[in-house]
Amino acid sequence: MRGVVMYGPGDVRVQDRPDPTILKPTDAIIRLSATCICGSDLWPYRGADQLSDPSPMGHEYVGIVEEIGSAVTGIKPGQFVVGSFFASDNTCEICRAGYQSSCVHRVGIGAEGAQAQRMRVPLADGALVATPDLPDADLVPGFLAASDVLGTGWFAAVAAQAGSGKTVAVVGDGAVGLLGVLAAKQLGAERIIAMSRHQPRQQLAVEFGATDIVSERGDEGVDRIKDLTGGLGAHSVIEAVGTQESMMQAIRATRPGGHVGYVGVSHDVALPGEELFFSHVHLHGGPAPVRRFLPHLMDLIWNRDINPGRVFDLQLPLDQAPTGYRAMDQRQAIKVLLRP
Ligand SMILES: [Zn+2]
């Protein structure tokens, strides 16, 4: 089969990789209907994360089940399924508490490499959620978004306690930040402030439910949020970048007693203890337990209540993945969908 392998910064190749096989009775093999490039794939692409060996890439996937291991009972060949970036048993105490991405048996999907024609999904019964029937083709990008960016944006909004009567600010205008806007809207937020300086992203933020756009960043961005909230700051702030600047922007834009939901993969962030102490801000985040939200999000997509697939503004055949990486790196595309 064909699959994407990263050899080092800026060096992404599409090559023949061995077809996956069932290794454990709890595995399933899926044929991917669509996959995509993640903002987090840009960390190694830009050299911010080191790769020791050539690495298969990709952790976002939807597809048709082709084969199941002998212990799989809840998923059948022929079903269209969505999974997320950590496979989980969905039965342990941590999973039942809604933190499947910290499942005691969790398996990272990244090593399997979802930017490929086929992949092995461990813990298939816990990890995969099937649609009621095969979806129409135009719904596939939405389900693919649910696999990571929608689930992550949704978790960020929940962690930030976005909801009725709240003012929500969103730091980061990548796919996760934009879908954090959509999530805040669905959760009933009254006012949603998207922080973005890129016109096409501002436009999509408004389409997803943003009521205000702030193009300043850093301390100036914080001042603008304060101006818009009577000097207090937002009740709920979504952080979807993962840098020192974005994290401090999120904390400082939050009012005392408010909540930050942080989902940008943290890179060299160091929080000043004294400032945090006096801020009275709640912090909650981490790798999103996407599996917690999948059934609800998949219902919303199936019923066409939301259209998160709008974040894919470039679709390419899998073989053109290097073009897709370049487009995302240079911010010419918000998110790139690959057709295997
Ligand atoms: Zn578990």
Side-chain angles (χ1 to χ4, degrees), residues 20-30 32 35 38 40 56 58-77 79-114 118-132 143-161 176 179-180 183 187 240 242 259 261-266 282-301:
T21 53
I22 299 279
L23 300 179
K24 291 189 175 172
T26 45
D27 289 348
I29 305 294
I30 66 169
L32 283 105
T35 180
C38 184
S40 64
H59 54 261
E60 293 155 280
Y61 54 99
V62 294
I64 306 286
V65 179
E66 284 200 325
E67 200 185 339
I68 54 171
S70 57
V72 176
T73 56
I75 294 291
K76 289 189 276 296
Q79 282 182 320
F80 181 91
V81 291
V82 183
S84 56
F85 46 85
F86 279 118
S88 50
D89 58 18
N90 211 31
T91 54
C92 77
E93 196 169 329
I94 303 297
C95 281
R96 281 184 281 122
Y99 286 85
Q100 289 91 338
S101 42
S102 277
C103 172
V104 298
H105 296 120
R106 77 173 185 188
V107 184
I109 287 291
E112 302 294 328
R118 289 183 171 73
M119 75 179 288
R120 181 180 75 97
V121 181
L123 302 172
D125 272 338
L128 297 174
V129 180
T131 49
F143 286 116
L144 180 61
S147 174
D148 181 353
V149 282
L150 174 61
T152 297
W154 199 278
F155 171 59
V158 169
Q161 306 226 336
V176 170
L179 290 169
L187 292 166
H259 294 76
Y262 62 100
V263 292
V265 181
S266 188
H282 302 73
L283 299 181
H284 185 40
V290 174
R291 179 64 182 80
R292 187 204 310 178
F293 306 107
L294 272 183
H296 177 54
L297 300 181
M298 289 171 67
D299 270 351
L300 292 175
I301 295 163

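Atoms within each ligand, like the ligands themselves, are counted from 1 in listed order.
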With a 6.0 Å cut-off (strictly less than), is the heavy-atom count around NE2 of His105, excluding the residue itself, greater than 12? no
CG-CZ distance between Asp89 and Arg106, expressed to the nearest 0.5 angstrom: 12.5 Å
Quick one: pull up NZ in Lys24 and CZ in Arg120 and give me the separation to the nearest 0.5 Å. 7.0 Å
Pick from Val290, Leu187, Val263: which one makes a side chain to side chain contact (heavy atoms under 4.5 Å, CB included) with Trp154? Leu187
Can you name the one residue among Ser88, Cys92, Pro287 that meets side chain to side chain contact (heavy atoms under 4.5 Å, CB included) with Gln100? Ser88
Aromatic rings His282 and His259: how do their planes relate, parallel, tilted or perpendicular, breaks at 30° and 60°? parallel
Number of protein N/O/S atoms less than 2.8 Å from the Zn ion (ligand 1)? 4
